[in-house]
Amino acid sequence: MLVKTRFAPSPTGFLHVGGARTALFSWLYARHCGGKFVLRIEDTDRERSTQPAIDAIIDSMKWLNLNWDEGPYYQTKRFDRYREVIDKLLAEGKAYKCYCSKERLEKMREDQMKAGLKPRYDGHCRDDHSEHDPSEPYVIRFRNPDDGTVAFDDMVKGHVEFKNSELDDFIIQRSDGTPTYNFCVVVDDWDMGITHVIRGDDHVNNTPRQINLYKALGAPVPVFCHLAMILGDDGAKLSKRHGAVSVMQYREDGYLPEALINYLVRLGWSHGDQEIFTREEMINLFTLDAITKSASGFNTKKLDWLNAHYMKTMPSSEVAKELVWHLNRLGLTDLSQGPNPEDVVKNYAERTHTLKEMAQKALCYYQDFEDYDKAAVKKWIKDGSVDILKDALESLKALDSWDALVIDKTLEDLAKRCEVGMGKVGQPLRVAITGTAMSPGIGDTMVLAGRERVLARIERAIAHFGA
RNA sequence: GUUCCCAUCGUCUAAUGGUUAGGACAUCACCCUUUCACGGUGGUAAUACGGGUUCGAAUCCCGUUGGGAACGCCA
């Protein structure tokens with residue numbers, strides 16, 4: 001059997017990490033099985049679906065490198081097909097027109113709640129339509145079985161069973177003639193040959209209704225796999241106040257897609273004690289039975305750790321591409337006035353956790369900075385610092401090769417000569433060159449900044465602090 | 001309210017009846033060190049509770065508590 005999975009977001013907002021994890025698991029399972037992965041946009045709610053949301057979802061999927069084999073399909077382009085299926089259901093008596101007013105429905109729900117019952121449609125329009133003028137507005141409901149149970153063996157939750165008496169005749173077509181979610185998913189998954197439905201567990205309660213529809217349609221019922229939700233850092237439901245929730249926000253915050261993917265794959269899935277997975281390993285090892293049942297909380301610190309790991313271990317040319325994107329975002333478009341971004345990556349990968357941070361720190365190698373960091377100045381610019389800067393300036397000017405090791409050696413000699421520790425030499429220079437007390441080894445820092453810029457900045461610092 | 005789902009260190013998780021309950025992130029201590037980091041070594045830290053079943057339970061069953069989801073002419 002050819003395995004086919006799908007990711008079917010509704011374009012009512014950006015792609016958040018929960019959705020991304022669902023997409024990842026669906027994608028991984030398809031790839032693991034050598035099957036197909038489908039992207040489908042569930043936009044039947046025309047009020048809330050937007051083009052920017054569609055774009056954001058697609059951009060996110062591309063950035064995460066979750067490629068799809070089919071689609072994107074749009075439900076709004078399949079209305080003819082839905083109509084056809086509804087007509088068939090209607091003709092077979094498996095669906096019916098309902099003329100109940102929203103007021104009646106609302107009152108019924110209220111009464112049922114008050115009586116301690118689960119609100120459900122009472123089947124008022126099931127059989128008798130004689131009192132209604134066919135021109136009245138109506139919705140179409142699916143005739144759910146009255147007796148027995150619906151059960152399914154979820155790949156994550158295990159055996160789940162519902163009584164049909166708990167379910168009701170849900171609406172499959174609105175009064176404006178458009179079909180609804182619970183109906184469209186079934187028709188789509190059937191038409192598209194989806195074998196495994198991997199989705200959030202907020203859909204568990206929809207599943208029995210959908211299974212009844214599959215059966216009424218004579219369609220094969222797919223395997224279901226319901227993923228527990230992802231919570232915020234604080235254990236509460238993910239929301240805007242958690243800062244980054246959208247995938248593209250993580251990009252803006254300086255994370256690599258590789259890191260986010262690796263982080264997400266371990267959220268609700270595991271393979272022994274392994275934490276780091278290449279794409280190939282994920283694909284090879286990913287199975288549905290290793291998915292956790294319980295909800296998991298998002299832990300930004302661990303993401304940071306993974307991001308740092310990937311910044312350090314990925315080819316610097318790859319990381320540099322993403323770094324350039326961040327430098328551009330900071331308004332730096334001309335990189336010709338500074339070092340090769342790859343060299344920035346090599347020097348900063350192990351001293352920063354995000355590319356955003358790296359880009360900010362690297363800015364001083366491309367353009368002049370305004371102010372010196374106050375704390376750094378206070379701590380490191382002391383009596384004698386200016387003299388050391390002057391001394392260093394002369395020694396550096398005399399060098400005929402601008403090499404990190406040579407520079408380090410020169411400054412070490414200077415420290416010895418002046419009978420001070422390297423801290424009193426390296427730190428004032430660091431402040432002079434970067435404006436801060438934090439940078440790579442002083443020789444590497446100077447190579448990144450370049451000879452001319454270094455000499456100019458030392459002179460500037462001498463003038464500034466010597467006054 | 002009704003139905004469904006869930007429950008191992010702070011967090012992500014391992015252990016599918018027998019382990020001193022393991023790993024990772026975070027945290028703490030020490031080492032390394034010209035800054036910031038990286039790295040290394042070690043430590044603190046968990047089976048929600050109560051009953052069963054069993055020679056033996058984190059693991060199986062029941063209950064309690066706690067959390068979550070669904071109950072729309074949203075998806």
Side-chain angles (χ1 to χ4, degrees), chain A residues 8-12 42-45 47-49 75 98 100 102 105-106 109 112-120 137-141 154 156-158 160-163 166-168 170-178 180-182 184-185 199-208 226 228-229 231 233-235 237 263 266-276 292-306 308 312 348-353 361 376 379-380 408 411-412 415 420-431 434 436-442 445:
Chain A
S10 63
T12 53
E42 311 224 319
D43 55 352
T44 54
D45 182 359
E47 294 274 303
R48 292 196 288 170
S49 300
Q75 294 187 320
C98 168
C100 292
K102 289 188 181 176
L105 262 21
E106 222 161 273
R109 269 194 283 271
Q112 286 166 331
M113 286 282 250
K114 231 176 272 174
L117 298 169
K118 184 179 188 172
R120 46 191 293 277
Y138 62 84
V139 298
I140 297 176
R141 290 182 184 272
D154 192 280
V156 174
K157 310 281 183 191
V160 183
E161 202 170 313
F162 289 81
K163 289 187 180 68
E166 287 294 331
L167 276 25
D168 66 354
F170 61 99
I171 293 171
I172 58 178
Q173 181 178 298
R174 304 181 182 95
S175 51
D176 66 359
T178 58
T180 61
Y181 165 76
N182 271 312
C184 296
V185 256
R199 67 205 335 182
D201 71 357
D202 46 335
H203 288 288
V204 169
N205 293 278
N206 287 327
T207 306
H226 287 103
M229 54 182 312
L231 310 170
D233 269 312
D234 53 2
K237 193 174 171 179
Y263 179 72
R266 283 284 291 102
L267 218 48
W269 177 82
S270 62
H271 182 260
D273 286 337
Q274 191 170 346
E275 295 287 351
I276 307 288
T292 327
K293 292 170 155 211
S294 53
S296 33
F298 199 91
N299 185 196
T300 307
K301 287 278 177 60
K302 188 164 181 182
L303 209 211
D304 284 345
W305 172 73
L306 275 164
K312 283 181 285 189
Y348 277 88
E350 58 183 36
R351 23 180 63 85
T352 52
H353 282 104
K361 296 225 155 80
K379 183 165 184 192
W380 297 107
D408 282 337
L411 296 175
E412 277 160 26
V420 294
M422 261 308 274
K424 292 193 169 161
V425 176
Q427 287 311 92
L429 281 166
R430 213 180 298 277
V431 173
T434 69
T436 72
M438 176 266 166
S439 84
I442 195 66
T445 300

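Just so it is clear: chains get the letters A, B, ... in the order the sequence lines come, proteins before strands, and each one is counted from 1. Quick caveat: nothing in here was measured; it's all calculated off a predicted structure.
Residue-level contact check: Gly423(A) touches the backbone only, with heavy atoms under 4.0 Å from sugar-phosphate atoms and none from bases. At the heavy-atom level, Thr44(A) lies under 4.0 Å from the strands shown only through sugar-phosphate atoms. Looking at heavy-atom distances under 4.0 Å, His226(A) makes no contact with the nucleic acid at all. Asn206(A) comes within 4.0 angstrom of a nucleotide base, judged by non-hydrogen atoms across all strands. Nucleic acid contact class of Val425(A) (heavy atoms, under 4.0 Å, all strands): none. Across all strands shown, Gln427(A) has heavy atoms under 4.0 Å from base atoms, whether or not it also approaches the sugar-phosphate.
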Anything under 3.5 Å between a protein N or O and an N or O of nucleotides 36-38 of chain B, put it in a table, one pair a line.
residue	atom	partner	partner atom	Å
C36(B)	O2	Arg351(A)	NE	2.8
C36(B)	N3	Arg351(A)	NH2	2.9
A37(B)	O2'	Glu350(A)	O	2.0
A37(B)	O2'	Arg351(A)	N	3.4
C38(B)	O4'	Glu350(A)	O	3.4
C38(B)	O3'	Lys312(A)	NZ	3.1

Distances for protein N/O vs nucleotides 12-15 of chain B N/O pairs under 3.5 angstrom?
residue	atom	partner	partner atom	Å
C12(B)	OP1	Gly297(A)	N	2.8
C12(B)	O2'	Arg266(A)	O	2.9
U13(B)	OP1	Gly268(A)	N	2.4
U13(B)	OP1	Ser296(A)	OG	3.4
U13(B)	O3'	Ser270(A)	OG	3.1
A14(B)	OP1	Ser270(A)	OG	2.7

For nucleotides 40-45 of chain B, give me every protein contact, N/O to N/O, under 3.5 Å, one pair per line with atom names.
none

Do any N or O atoms of the protein come closer than 3.5 Å to N or O atoms of nucleotides 48-50 of chain B, and which pairs are they?
none

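Nucleotides G1(B) and U59(B), compared at atom P, are 28 Å apart to the nearest Å. Using atom C1' as the reference point in both C55(B) and C49(B), the two lie 25 Å apart (nearest Å). Comparing the C1' positions of A7(B) and C12(B) gives an interatomic distance of 15 Å, to the nearest angstrom. G18(B) and G22(B): their P atoms are spaced 15 Å apart (whole Å). Of the P atoms belonging to C73(B) and U16(B), the separation is 46 Å, rounded to the nearest Å. C9(B) and A15(B): their C1' atoms are spaced 15 Å apart (whole Å). G23(B) and A14(B) have their P atoms separated by 15 Å, with the value rounded to a whole Å. On the C1' atoms, C5(B) is 27 Å away from A24(B), given to the nearest whole Å.
Under the Watson-Crick or G-U wobble criterion, with both distances below 3.5 Å, C71(B) is paired with G1(B). Figure legend. A48(B) is base-paired to U64(B); pairs are counted as Watson-Crick or G-U wobble with both atom distances under 3.5 Å. In a base pair of the Watson-Crick type (N1 to N3 plus N6-O4 or O6-N4) or a G-U wobble (N1-O2 and O6-N3), with each distance short of 3.5 Å, C36(B) is matched with no nucleotide. A57(B): no Watson-Crick or G-U partner with both key distances under 3.5 Å is found in any strand. U27(B) and G43(B) make up a base pair, with Watson-Crick or G-U wobble contacts both under 3.5 Å.
Between Gln112(A) atom CD and U2(B) atom P the separation is 14 Å, expressed in whole Å. Look at CE on Met422(A): it is 10 Å from P on U35(B), rounded to the nearest Å. Remark: C1' of U8(B) and NZ of Lys293(A) are 15 Å apart, rounded to the nearest angstrom. Here A70(B) presents its P atom at 17 Å from CZ of Phe170(A), a figure rounded to the nearest Å. One interatomic measurement links the two molecules: CD1 of Ile172(A) to P of C73(B), which rounds to 14 Å at whole-angstrom precision. The NZ atom of Lys118(A) sits 11 Å away from the C1' atom of A69(B) (whole-angstrom rounding). Atom pair Arg199(A):CZ and A75(B):P shows a separation of 13 Å (rounding to whole Å applied). Look at CE on Met229(A): it is 15 Å from C1' on C4(B), rounded to the nearest Å.
Between Met113(A) and Asp176(A), the residue anchored closer to the 5' end of RNA chain B is Met113(A), taking for each the nucleotide with the nearest heavy atom. Positionally, the nearest nucleotide of RNA chain B for Ala115(A) lies more toward the 5' end than for the other of Ala115(A) and Arg141(A).
Checked by distance alone, Arg120(A) brings no side-chain donor or acceptor within 3.5 Å of a matching partner on the base of U2(B).
Contact annotation: Lys157(A) does not reach the phosphate of C5(B) (side-chain N/O to OP1 or OP2, under 4.0 Å).
Within the 3.5 Å criterion, the main-chain N or O of Ser294(A) finds no donor-acceptor partner in the side chain of Thr292(A). Put simply, the side chain of Asp233(A) gets close to the backbone of Thr300(A): a donor and an acceptor are under 3.5 Å apart.
Looking at residues two or more places apart in sequence or on another chain, you find a side chain to side chain donor-acceptor pair (under 3.5 Å) between Arg266(A) and Glu275(A).
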Cut-off 3.5 Å, no hydrogens considered: what does the side-chain donor-acceptor table look like for residues 421-431 of chain A, sequence neighbours left out?
residue	atom	partner	partner atom	Å
Gln427(A)	OE1	Arg430(A)	NE	2.7
Gln427(A)	OE1	Arg430(A)	NH2	3.4
Gln427(A)	NE2	Ala437(A)	O	3.3
Arg430(A)	NH1	Ser439(A)	O	3.2
Arg430(A)	NH1	Ser439(A)	OG	2.8
Arg430(A)	NH1	Pro440(A)	O	2.5

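Note that OG1 of Thr180(A) and CD1 of Ile140(A) are 10.5 Å apart. Values are rounded to the nearest 0.5 Å.
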